[in-house]
K.L.:
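Below is a structure I'd like to ask you about.
Below, chain A is the first sequence line, B the second, and so on; all start at residue 1.
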Protein chains: 2
Amino acid sequence: MARGSTRPTSRDVAQAAGVSQAAVSLVLGDKWRGRVSATTAERVREAAHELGYRPNLAARNLRLGHTRTVLLVVPALTTEFFGGVYTGAARVAAQHGFGVVLYPSPEGIGPARDPFASAQAALDGVIASSMAADALTAIRGDQLPLVMLDSDPEGSLGAATVNLDITDGVRQVADHLLSLGHRSFLHLAADIASWTFDVRARELATRLSDVPGTLLRTARAPISIEDAVTAAEAALSAPGPRPTALVCDDDKLAAGAYKAARRLGLRIPDDLSVTGLDDLALAQALDPELTTVRLDAELFGERGMRALLAVLEGRTPAEGDIPVDLVVRGSTAPPGR
Amino acid sequence: MARGSTRPTSRDVAQAAGVSQAAVSLVLGDKWRGRVSATTAERVREAAHELGYRPNLAARNLRLGHTRTVLLVVPALTTEFFGGVYTGAARVAAQHGFGVVLYPSPEGIGPARDPFASAQAALDGVIASSMAADALTAIRGDQLPLVMLDSDPEGSLGAATVNLDITDGVRQVADHLLSLGHRSFLHLAADIASWTFDVRARELATRLSDVPGTLLRTARAPISIEDAVTAAEAALSAPGPRPTALVCDDDKLAAGAYKAARRLGLRIPDDLSVTGLDDLALAQALDPELTTVRLDAELFGERGMRALLAVLEGRTPAEGDIPVDLVVRGSTAPPGR
DNA sequence: AGCACCACGTGTTACGTATAACGTCCCTGG
DNA sequence: CCAGGGACGTTATACGTAACACGTGGTGCT
């Protein structure tokens, strides 16, 4: 634990350069114009480089009272989606001199489901996906500035929310399938208690209920390919007329549906149209390629970070959901006859 | 930035409980046995809870001289693999009272390619994947305890290394395909300068060179499905005898190869056997399911963290590569005739 | 000459925490 | 009746940094 030679401090640099510690702080903090001569400044920088000086972040954070670091709480990283969210958030954070620390919600990590215990960094604010539901109670307790991602605007008291326009995405899916002539639907729903999935179910139901003669059934599965296979296989081989359109809450579920269809000897899209949601790389790897709703993960992260920045500066975050687009590929077609 | 009411400090708690700040520190640090009465301790805890007190991490870190936080540097999260690595690392870290901060290497993130600028947390050590090559130069400069993942044991001076036994994985792939009767190979290689990919190429070449009459060609593509499609399509439609076996550096490349094969009208595995490496969820979503090498990402992360813990405590990390397993599925078969 | 002002720094302080060192009581045994 | 020690706290200090407040000569201007 104790290293032989301790790290050099700004005082060490000061001594090496023959100046006071204050001067070092000025120079390295780039606040020396008009306070320190250019030659002295250069001497300080040299000494710092020579000693391999790195400022002690803990001390700086303590002194400054803030860390310019925010925490991004996301579900377990089983998909590239939240990688994109991070990328977007980190990009705009960097432009404002902020850092982003990523906290994937625990799947059996340790006893304490407390993001702040694991990401022990001192934080200025938090961006949290509502899908990381288990971590939220811990976050609520903290009075840190908070932005919620994909969360019920009504339900998240006080906290700003940034949402994808999932409602519109589901509407586009429903309209697409309806206009192809489908009337018998199966909804393969994610078995997760989260607002963003509730929205999918609700919007699909209301959209279909506008059209007389439509039928909607629902199956549930955790978001994993294997679980989706069994759930879809069971639902598709249930008694009664077979659905002609399968709307999945997620591309991964759709991938499971593909396998289930293969097992049952159903051809996609001839016997069964399938749609997903996310537009993961997976979507284009499937055969036929998956009709799905593209979510712009990076933009999502950007908007989240901008909203948090606004909260941090006392402004009110921009309103408006993030638009999403239906990408029609080969997995949807008119129902076979 | 400046909140109306500043966060309560341990001194505020002390005042509320009618004790000194030291007593608060003792109680909350669980070091009060024999120093503070149980009733007083309870009173302190109540006051702390009442005020919503959270210790200031920056101050604690400064005082303690360490943070019990380590940084995990990985490539951009385009796959679930490094999510698994994080999970494993975070689990053993939590068992030892450590936190893990995840730093996905920048893909166009900000100007500074410096993980320490982005993850501004004060750190005790670093675990870095050699695939995040662009971040490494920045890391080298720091004298933090370092563990390298999937890195050349010779090349990473001083730093401990933890590696998957990729060499053995490639050997298993080669043996599998050879025993099926294949003699004409195409290697679809990741277009990334990294030791772990060099190893794949080297081992495949030497393994095949042991068997007279084998042919090995190579195509390169960045690790993305689209790039893999074009590279594989070009290579498979090149003049000369068509390879019967396609060894991919990665499951994603294999997914691209599937699409290329479809476009060329080649059936898998009848006309072309394909293998991957990683065993992502993707592997089982493909049709036919992909024969691939399973890498245990969580174990990888665990071993990485254990090694770093060892370095931190002055012990020498355990030796030995992490075993990997070939998973034979439907994408490989004897060459058609 | 007198005065303001600038260039070039230095001394000192506070951030919030953990802990070493130091007091009081009060009880108990001899 | 006093020494000794536990029980229960308190006081003081240091961690490394940023920044405020304060010199101290010299120089230009009137």
Side-chain angles (χ1 to χ4, degrees), chain A residues 1-3 5-45 47-48 51-68 97 120-124, chain B residues 1-3 5-45 47-48 51-68 97 120-124:
Chain A
M1 190 83 48
R3 314 239 63 71
S5 59
T6 176
R7 280 169 69 127
T9 74
S10 63
R11 213 175 309 268
D12 295 330
V13 176
Q15 190 166 357
V19 297
S20 71
Q21 180 267 331
V24 174
S25 180
L26 253 15
V27 171
L28 267 31
D30 208 38
K31 292 185 165 51
W32 58 277
R33 280 151 300 221
R35 324 259 295 124
V36 176
S37 72
T39 55
T40 304
E42 186 53 31
R43 193 152 35 91
V44 169
R45 273 189 291 261
L51 295 178
Y53 169 73
R54 288 254 176 188
N56 180 317
L57 273 311
R60 167 179 294 173
N61 291 341
L62 175 59
R63 171 67 229 237
L64 258 22
H66 64 249
T67 60
R68 310 225 113 206
Q120 310 191 328
L123 269 13
D124 281 356
Chain B
M1 189 81 48
R3 314 239 62 69
S5 58
T6 176
R7 279 171 69 127
T9 74
S10 63
R11 211 175 310 267
D12 295 331
V13 176
Q15 190 167 356
V19 296
S20 72
Q21 178 267 329
V24 173
S25 181
L26 254 14
V27 172
L28 268 31
D30 209 36
K31 293 186 164 50
W32 57 278
R33 279 150 300 222
R35 322 261 292 123
V36 176
S37 71
T39 54
T40 305
E42 185 53 31
R43 192 151 35 91
V44 168
R45 273 189 289 261
L51 296 178
Y53 169 73
R54 288 252 175 190
N56 181 318
L57 274 313
R60 168 178 294 172
N61 292 342
L62 175 59
R63 172 66 225 239
L64 259 23
H66 64 248
T67 59
R68 310 224 111 205
Q120 310 191 327
L123 303 170
D124 282 356

K.L.:
Give B/T9 one of three labels, base, sugar-phosphate or nothing, depending on what nucleic acid heavy atoms sit under 4.0 Å from its own.
P.N.:
sugar-phosphate
K.L.:
Mind calculating the distance between CZ (A/R11) and C1' (C/dT10) to the nearest angstrom?
P.N.:
13 Å
K.L.:
Taking atom C1' of C/dT17 as reference, at what distance in whole Å does atom CG of B/N56 sit?
P.N.:
8 Å
K.L.:
Rounded to whole angstrom units, what separation is found between the NZ atom of A/K31 and the C1' atom of D/dC20?
P.N.:
14 Å
K.L.:
Could you state the atom-to-atom distance from CH2 of B/W32 to P of C/dT19 in whole Å?
P.N.:
17 Å
K.L.:
Just how far, in rounded Å, is P of D/dT13 from CG of B/L62?
P.N.:
17 Å
K.L.:
A/H66 has an atom NE2; how far is it from atom P of D/dA19, in whole Å?
P.N.:
9 Å
K.L.:
Atom CZ in B/R68, atom CG in B/N61: separation rounded to 0.5 Å?
P.N.:
11.0 Å
K.L.:
Would you kindly say whether B/D124 and B/T67 are connected by a side-chain donor-acceptor distance under 3.5 Å?
P.N.:
yes
K.L.:
For A/A22, what residues pass the side chain to side chain contact (heavy atoms under 4.5 Å, CB included) criterion, not counting sequence neighbours?
P.N.:
A/S20
K.L.:
Are there over 12 heavy-atom neighbours, none belonging to A/Q15, within less than 6.0 Å of that residue's CD?
P.N.:
no
K.L.:
Distance from A/R43 atom CZ to A/S37 atom OG, nearest 0.5 Å?
P.N.:
7.0 Å
K.L.:
If the sugar-phosphate is the primed atoms plus P, OP1 and OP2 and the base is the rest, what is the B/S/- string for nucleotides 7-12 of chain D, using protein heavy atoms under 4.0 Å?
P.N.:
-BBBB-
K.L.:
Within this structure, what is the CG-to-C1' distance between A/N61 and D/dT17, rounded to whole angstrom?
P.N.:
10 Å
K.L.:
Test side chain to side chain contact (heavy atoms under 4.5 Å, CB included) on B/V44 and B/W32; report intermediate values, then the result.
P.N.:
CA-CA 11 Å; B/V44 168; B/W32 57 278; over 6 Å; no
K.L.:
To the nearest Å, how far apart are A/R60 CZ and D/dA19 C1'?
P.N.:
13 Å
